[in-house]
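Only one structure is covered here, and it is reproduced in the block below.
All values reported here derive from a predicted model rather than from experimental measurement.
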Amino acid sequence: MLWPLWSRASHARGSGAVLQDPMATALVDAIDCDFRGRFGRPGVVHAVRARYSDDLIRAFLGHHPDASVVALGEGLESQFWRVDSGRVRWYSVDLAEAIAVRHRLLPAHARNTLVPCSALDTQWFDAVPGDGPVFVSAAGLLMYFERNAVVILLRSMVRHFRCGELFFDTIPPWLSRRSLKGWAVTRHYTAPPMPFGIALERLPDLFRQISGLTPLKAQTCAEPYPRTMPLFALLSRVRAVKQRVAPGLVHARFP
């Protein structure tokens, strides 16, 4: 929860900020943690992922202002306050321990419902109205599950909800393997195991397993805002790099 918070907040400061997230910067300033000592120099990927999903949700709410948004595994993400349309119904789904931390550190809001359960536990379906479009964000989440669990979750979600859109990000197989061996981000922090890695070129195989889920766009983390990662953006033009070794941002719709 703290690692992506640190990255988002660090890239939300200054005139060239990737995104505007005053709540994240306030949290980092308030929490008694040596963020740099634990997590090192803040990478930009978490901030890019947040900004990209912000843009997708804003566009979705522009077409469906009274829609519901479900943020799976939301941690200390403050996205609701960045994209709130004034009418959206927002559902924060995370483990009970994480929800308790959100209760303690983030303000309550009448249109933000906290749902304490695993994203894999479909009881969260019952908390979300099924009478209108739903945007589901699984930012920074699916890589922590086994592939079969991801397929079952997405199949169940598509069957349950009438219509909507989905955002998730991916890591490539090489990074998944590295995490399973113990990816030491710094001397003081080892990333959790991430068993689900998938190359962008293999996404069609995944979507064929989930009837009713249609991909809209899949790109590397550098492509939406190339100035944030100029070298990576240049490498993204190399097909083999993009399709086989790069982390991805995936946007889909259902049914």
Taking side chain as C-beta onward, heavy atoms only, is Val28 less than 4.5 Å from Phe35? yes
Residue pair His160 / Thr122, side-chain heavy-atom distance below 4.5 Å: no
For a 4.5 angstrom cut-off between non-hydrogen side-chain atoms, does Phe167 reach Leu249? yes
I'd like to know if the side chain of Trp6 reaches the main chain of Gly40, judged simply by a donor and an acceptor atom lying under 3.5 Å from each other, with no hydrogens or angles considered. yes
Trp174 side chain to Val245 main-chain N or O, any donor-acceptor pair under 3.5 Å? yes
Does the side chain of Val128 come within less than 4.5 Å of Val136's, by heavy atoms? no
Measure across Phe60 and Pro133 and return the closest heavy-atom pair with its distance rounded to 0.1 Å. CZ-CB, 3.6 Å
Counting only heavy atoms from other residues, nucleotides and ligands, does the tally under 6.0 Å from CZ of Arg111 exceed 12? yes
Non-hydrogen atoms of Leu200 and Ala218 that approach each other most closely: CD2-CB, 4.4 Å
So do Val134 and Val69 actually touch side chain to side chain, heavy atoms under 4.5 Å? no
Please tell me whether Phe161 and Phe125 form a close aromatic pair, meaning their ring centres lie under 6.0 Å apart. yes
Please list all pairs meeting salt bridge (charged side-chain N to carboxylate O under 4.0 Å, His left out) that have one or both residues in residues 6-18, counting only residues at least two apart or in different chains. Arg8-Asp21, Arg8-Glu77, Arg13-Asp29
So, for Ala12 and Ala17, which heavy atoms are closest and what is the spacing to 0.1 Å? C-CB, 3.7 Å
Side chain to side chain donor-acceptor pair (under 3.5 Å) pairs, two or more places apart, involving residues 36-49: Ser7-His46, Arg49-Asp169
Indicate, with yes or no, if Leu19 and Phe80 share a hydrophobic cluster defined by side-chain heavy-atom contacts under 4.5 Å among Ile, Leu, Val, Met, Phe, Trp and Tyr. yes
Are the side chains of Val115 and Ile99 in contact, using a 4.5 Å heavy-atom criterion? no
Could you tell me whether the side chain of Arg155 and the main chain of Ile210 form a donor-acceptor pair under 3.5 Å? no
Are any of the side-chain heavy atoms of Pro195 and Met143 separated by less than 4.5 Å? no
Applying side chain to side chain contact (heavy atoms under 4.5 Å, CB included), run through Phe232 and Leu234 and close with a yes or a no. CA-CA 5 Å; Phe232 192 9; Leu234 185 62; over 6 Å; no
Any side-chain to backbone donor/acceptor pair from Thr170 onto Gly248? Under 3.5 Å, distance only. yes
Please list, chain by chain and in numerical order, all residues satisfying salt bridge (Lys or Arg N to Asp or Glu O under 4.0 Å) with Asp55, sequence neighbours excluded. Arg58
So which pairs with a foot in residues 179-194 pass side chain to side chain donor-acceptor pair (under 3.5 Å), sequence neighbours left out? none
Side chain to side chain donor-acceptor pair (under 3.5 Å) contacts touching residues 129-148 (sequence neighbours left out): Arg147-Gln209
From Glu165 atom CD to Leu213 atom CG, the distance as rounded to the nearest 0.5 Å: 11.0 Å
CD (Gln20) with more than 12 external heavy atoms under 6.0 Å: no
Supply the atom-to-atom distance Ile171 CD1 to Met194 CE, rounded to the nearest 0.5 angstrom. 5.5 Å
For Ile198 and Pro173, the nearest pair of non-hydrogen atoms, with its separation, is C-CD, 3.8 Å
Hydrophobic cluster identity match, Leu120 and Tyr91, side-chain contacts under 4.5 Å: yes
Under 3.5 Å, is there a donor-acceptor pair between the side chain of His11 and the main chain of Thr228? no
Sequence neighbours excluded - salt bridge (charged side-chain N to carboxylate O under 4.0 Å, His left out) pairs with any residue from residues 94-105: Glu74-Arg102
Tell me, please, which residues at least two apart from Arg227 pass side-chain hydrogen bond (donor to acceptor under 3.5 Å, both in side chains). none
On a heavy-atom basis, the closest approach of Met157 and Trp124 is CG-CH2, 4.3 Å
Is there a continuous path of hydrophobic side-chain contacts, each under 4.5 Å between heavy atoms, that joins Tyr225 to Val83? yes
List in chain and number order the residues that pass side-chain hydrogen bond (donor to acceptor under 3.5 Å, both in side chains) with His64, two or more places apart in sequence or in another chain; answer none if no residue qualifies. none
Sorted by chain and number, sequence neighbours left out, side-chain hydrogen bond (donor to acceptor under 3.5 Å, both in side chains) with Arg178 holds for none
So if you build clusters from Ile, Leu, Val, Met, Phe, Trp, Tyr with side-chain heavy-atom gaps below 4.5 Å, do Val45 and Leu56 land together? yes
My understanding is that only residues two or more places apart in sequence, or in another chain, count here; which of them pass salt bridge (Lys or Arg N to Asp or Glu O under 4.0 Å) with Arg162? none
Going by an N to O cut-off under 4.0 Å, is there a salt bridge joining Asp66 and Arg89? no
Give the ring-plane orientation class for Trp3 versus Phe39, where under 30° counts as parallel, over 60° as perpendicular and anything between as tilted. parallel
Can you hop from Met229 to Val250 via hydrophobic side chains spaced under 4.5 Å? no
Test side chain to side chain contact (heavy atoms under 4.5 Å, CB included) on Met23 and Leu106 and set out the steps. CA-CA 9 Å; Met23 191 169 291; Leu106 292 172; 3.5 Å; yes
Test of understanding: with side-chain hydrogen bond (donor to acceptor under 3.5 Å, both in side chains), list the residues that count as partners of Asp54, not counting sequence neighbours. Gln79, Arg82
Okay, side chain of His103, backbone of Ala108: is any donor-acceptor separation there less than 3.5 Å? no
Run the side-chain contact (heavy atoms from CB on, under 4.5 Å) test against Glu223 and tell me which residues pass, sequence neighbours left out. Gln219, Thr220, Ser236, Lys242
Are any non-hydrogen side-chain atoms of Ser211 and Val158 less than 4.5 angstrom apart? no
Closest heavy-atom pair and its distance - Ala24, Ser78: N-OG, 4.0 Å
